[in-house]
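Some notes on the structure that comes next.
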Amino acid sequence: MEYVSTRGSASALEFREVTLAGLASDGGLYVPRHWPQFTAEQIAAMAGKPYCQLAAEVMAPFVAGSLDFACLLQLCEQAYGRFAHGAVTPLRQLDAQHWLLELFHGPTLAFKDVALQLLGLLFEEFLKDGDRHLTVVGATSGDTGSAAIDALAGRPHVDVFMLHPKGRVSEVQRRQMTTVLAGNIHNIAIDGSFDDAQAMVKRMFQDRAMTDRFRISAVNSINWARLMAQVVYYFAAGVALGAPYRKIAFSVPTGNFGDVFAGYVAARMGLPVERLIVATNVNDILHRAITTADYSAQGVTPTAAPSMDIQVSSNFERLLFDLGDRDGAAMAGQMREFDQAKAMRLTPAQHQRAGALFTSARATGDEMDAAMRWAVETTGELVDPHTAIGLHAARSVALPPHVPVVTLATAHPAKFAPAVKAATGIHPPLPDRLADLLEREERFDELPGDYDTVSRYIAARAKVCADPIH
Ligand SMILES: Cc1ncc(COP(=O)(O)O)c(C=O)c1O
Ligand SMILES: N[C@@H](CCOP(=O)(O)O)C(=O)O
């Protein structure tokens, strides 16, 4: 499988190179040259398969030419062997129409583990023969950082520099990152928002002074391999609820548009999807884009769902590229406009095509709290604030009653215990394996939200690599 950049001028690459590169050299994001297709018979045959087998089957077309099926299956078994639930991503029924897809049974209790446990192994697989070293630079609003650090701590070929916005992640999220003391892990708390951190990461890929000396790579969802692994659970949930013989709707708590873009990919591959519901908090750029074509950042408001406090949604570019007839030059122009004005409009074609599959809804803090209370009082489920936003959206969008609506439960409630307790009166305990997290020693550095300081910090600690890829 070959991958092309959304901005049209970077070279096309194979899966292996795309995984190691992260972001394309023209600033774009890689997408497969075409969407692999599954027939209805192939989808029907997925029912009842163990998660790892299904994962390898769904991902095989994307890795073709870089990994054989046996190797992919073995990596899936290793990655998902660390999950605390045999089904990896189990479904739980809430009422006649609503389901939760529990994505938080991995080591760090959030959906990011599904992709990052695999990505850590893919890096190792692709770097093992040779003297190559990756400098992973990431930005996190809490969950990507902890999942990436768990997946990469102690790995010999990788250093991780993880930027989080100081004071804007939950205590559990911060400690899941900062209590990992492995020598290859560098946590940096920056002044500013997640968007500021993400902008610095993207800028580093364009900075020749850095890319000439270090082999910079990404663990954020700008890295295609992240999204590929997330496509799998849409198929797993879909076939469990009757696909290909009936359509399923998914409600997805959204920030960087990665998780819901994976749902779009599943639909493009043949999964019958009735609707993809884009659920946002008050940082609602995506809700405005889908309802009114206005994609304009308005400054970030900190909320009790901090992982979704995002106004520049990286993966929206992938959608706009695909909906805009894959015109890389036009996409580069649109993104230039957005970078300069922090605002742009979707073209009429992009807006109308998005509306054919996506619906959106926005939850205020009160609506999020009410959804947490509804879940516990009506169904006995304690859900985290991000999942609650998904549930609010799922219940507020009108869908035919025969269509199952699956809300992606993106994090364990214990990651956000104070917010859950404030809404429901119930304190969700951490699972046993993390019970002493609040007593562990922390290590991180604090830096101003200034690119030059951050890049100097990284340059002083990263390993120079003689084999740059950019
Ligand atoms: C718990 C949680 N829910 C939802 C999201 C939003 O996912 P995405 O950025 O893929 O849209 C995130 C972060 O990305 C998250 O950590
Ligand atoms: N919510 C994320 C933000 C980063 O998003 P990503 O999916 O692009 O890595 C987080 O928890 O860090």
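Numbering of ligands and ligand atoms starts at 1, following listing order.
- In terms of polar-atom proximity, Asp384 is not counted as a contact of ligand 1, lacking any N or O under 3.5 Å from an N or O of the ligand.
- In this structure a side-chain-to-backbone donor-acceptor pair under 3.5 Å is present from Asn315 to Asn256.
- If you number the atoms of ligand 2 from 1 as listed, the ones under 4.0 Å from a heavy atom of Phe194 come out as 3 (C), 4 (C).
- Of all the heavy atoms of Lys112, the ones lying under 4.0 Å from any atom of ligand 1 belong exclusively to the side chain.
- For atom 11 (O) of ligand 1, the nearest non-hydrogen atom of the protein is Gly255 N, 2.8 Å.
- Set against the non-hydrogen atoms of Gly258, the atoms of ligand 1 under 4.0 Å away are 8 (P), 10 (O), 11 (O).
- Ligand 1 places these atoms under 4.0 Å from at least one heavy atom of His386: 1 (C), 2 (C), 3 (N).
- Interface atoms of ligand 1 facing Phe257, defined by a heavy-atom separation under 4.0 Å, are 8 (P), 9 (O), 11 (O).
- Among protein heavy atoms, atom 12 (O) of ligand 2 sits closest to Thr140 OG1, 2.6 Å.
- A donor-acceptor pair under 3.5 Å is formed between the side chain of Asp26 and the backbone N or O of Ala10.
- Of the protein's non-hydrogen atoms, Asp259 N, 2.9 Å is the one closest to atom 10 (O) of ligand 1.
- Annotation for Arg443: atom CZ counts as buried by contact number, over 12 foreign heavy atoms lying within 6.0 Å.
- For the residue pair Tyr451 / Asp196, no side-chain donor-acceptor distance below 3.5 Å is found, with atom types taken as modelled.
- Separation of atoms CG (Asp284) and OG1 (Thr291) is listed at 8.0 Å; rounding is to 0.5 Å.
- Looking at every heavy atom in both residues, Val172 comes nearest to Ala414 through CG2-O, 3.7 Å.
- The atoms of ligand 1 that sit less than 4.0 Å from any heavy atom of Ala411 are 1 (C).
- For ligand 2, the polar-atom distance check finds no N/O of Gln198 at less than 3.5 Å from any of the ligand's N/O atoms.
- In this structure, the protein non-hydrogen atom closest to atom 15 (C) of ligand 1 is Ser307 CB, 3.3 Å.
- Taking the six-membered ring for Trp, Phe161 and His186 have ring centres closer than 6.0 Å.
- At least one heavy atom of Pro253 sits less than 4.0 Å from an atom of ligand 1.
- Contact annotation: Ser141 has at least one heavy atom less than 4.0 Å from an atom of ligand 2.
- Taking the ring axis of Trp99 as reference, the NZ or CZ atom of Arg92 does not stay both within 45° of it and closer than 6.0 Å to the ring centre.
- Residue contacts with ligand 2: Asn315 is placed with no nitrogen or oxygen under 3.5 Å of a nitrogen or oxygen of the ligand (distance criterion only).
- With a 4.0 Å heavy-atom cut-off, ligand 2 is reached by the backbone of Asp143 and by its side chain too.
- In this structure, the ring of Tyr295 has its center less than 6.0 angstrom from the ring center of Phe316.
- A cation-pi contact, defined as under 6.0 Å to the ring centre and within 45° of the axis, links Arg461 to Tyr457.
- Aromatic rings of Phe62 and Trp224 (six-membered ring for Trp) have centroids within the 6.0 Å cut-off, being under it.
- The aromatic ring centroids of Phe250 and Tyr234 lie less than 6.0 Å from each other.
- Polar contact check, Thr254 against ligand 1: no nitrogen or oxygen pair lies under 3.5 Å apart.
- The shortest heavy-atom contact between Arg433 and Ala84 is NH1-CB, 4.3 Å.
- Protein heavy atom at the shortest distance from atom 5 (O) of ligand 2 is Asn256 ND2, 3.3 Å.
- Contact annotation: for Phe111 versus ligand 1, heavy atoms closer than 4.0 Å belong to the side chain alone.
- Residues Phe416 and His386 bring their aromatic ring centres within 6.0 Å.
- Only the side chain of Arg226 comes within 4.0 Å of ligand 2, counting heavy atoms alone; its backbone N, CA, C and O stay farther away.
- Contact atoms of ligand 2 toward Gly142: 10 (C), 11 (O), 12 (O) (distance under 4.0 Å to a heavy atom of the residue).
- Taking a 6.0 Å sphere around CG of Asp432, one finds it holds 12 or fewer heavy atoms contributed by other residues, nucleotides or ligands.
- The distance from ligand 1 to the heavy atoms of Asp143 drops below 4.0 Å at these ligand atoms: 1 (C), 2 (C), 15 (C), 16 (O).
- Within the set Ala147, Ser221, Ala148, the minimum heavy-atom distance to atom 6 (P) of ligand 2 is found for Ser221.
- Polar contact check, Thr410 against ligand 1: a nitrogen or oxygen pair lies under 3.5 Å apart.
- The closest approach between a heavy atom of Gly258 and any atom of ligand 2 is not below 4.0 Å.
- If you check which protein heavy atom lies closest to atom 8 (P) of ligand 1, you get Asn256 N, 3.5 Å.
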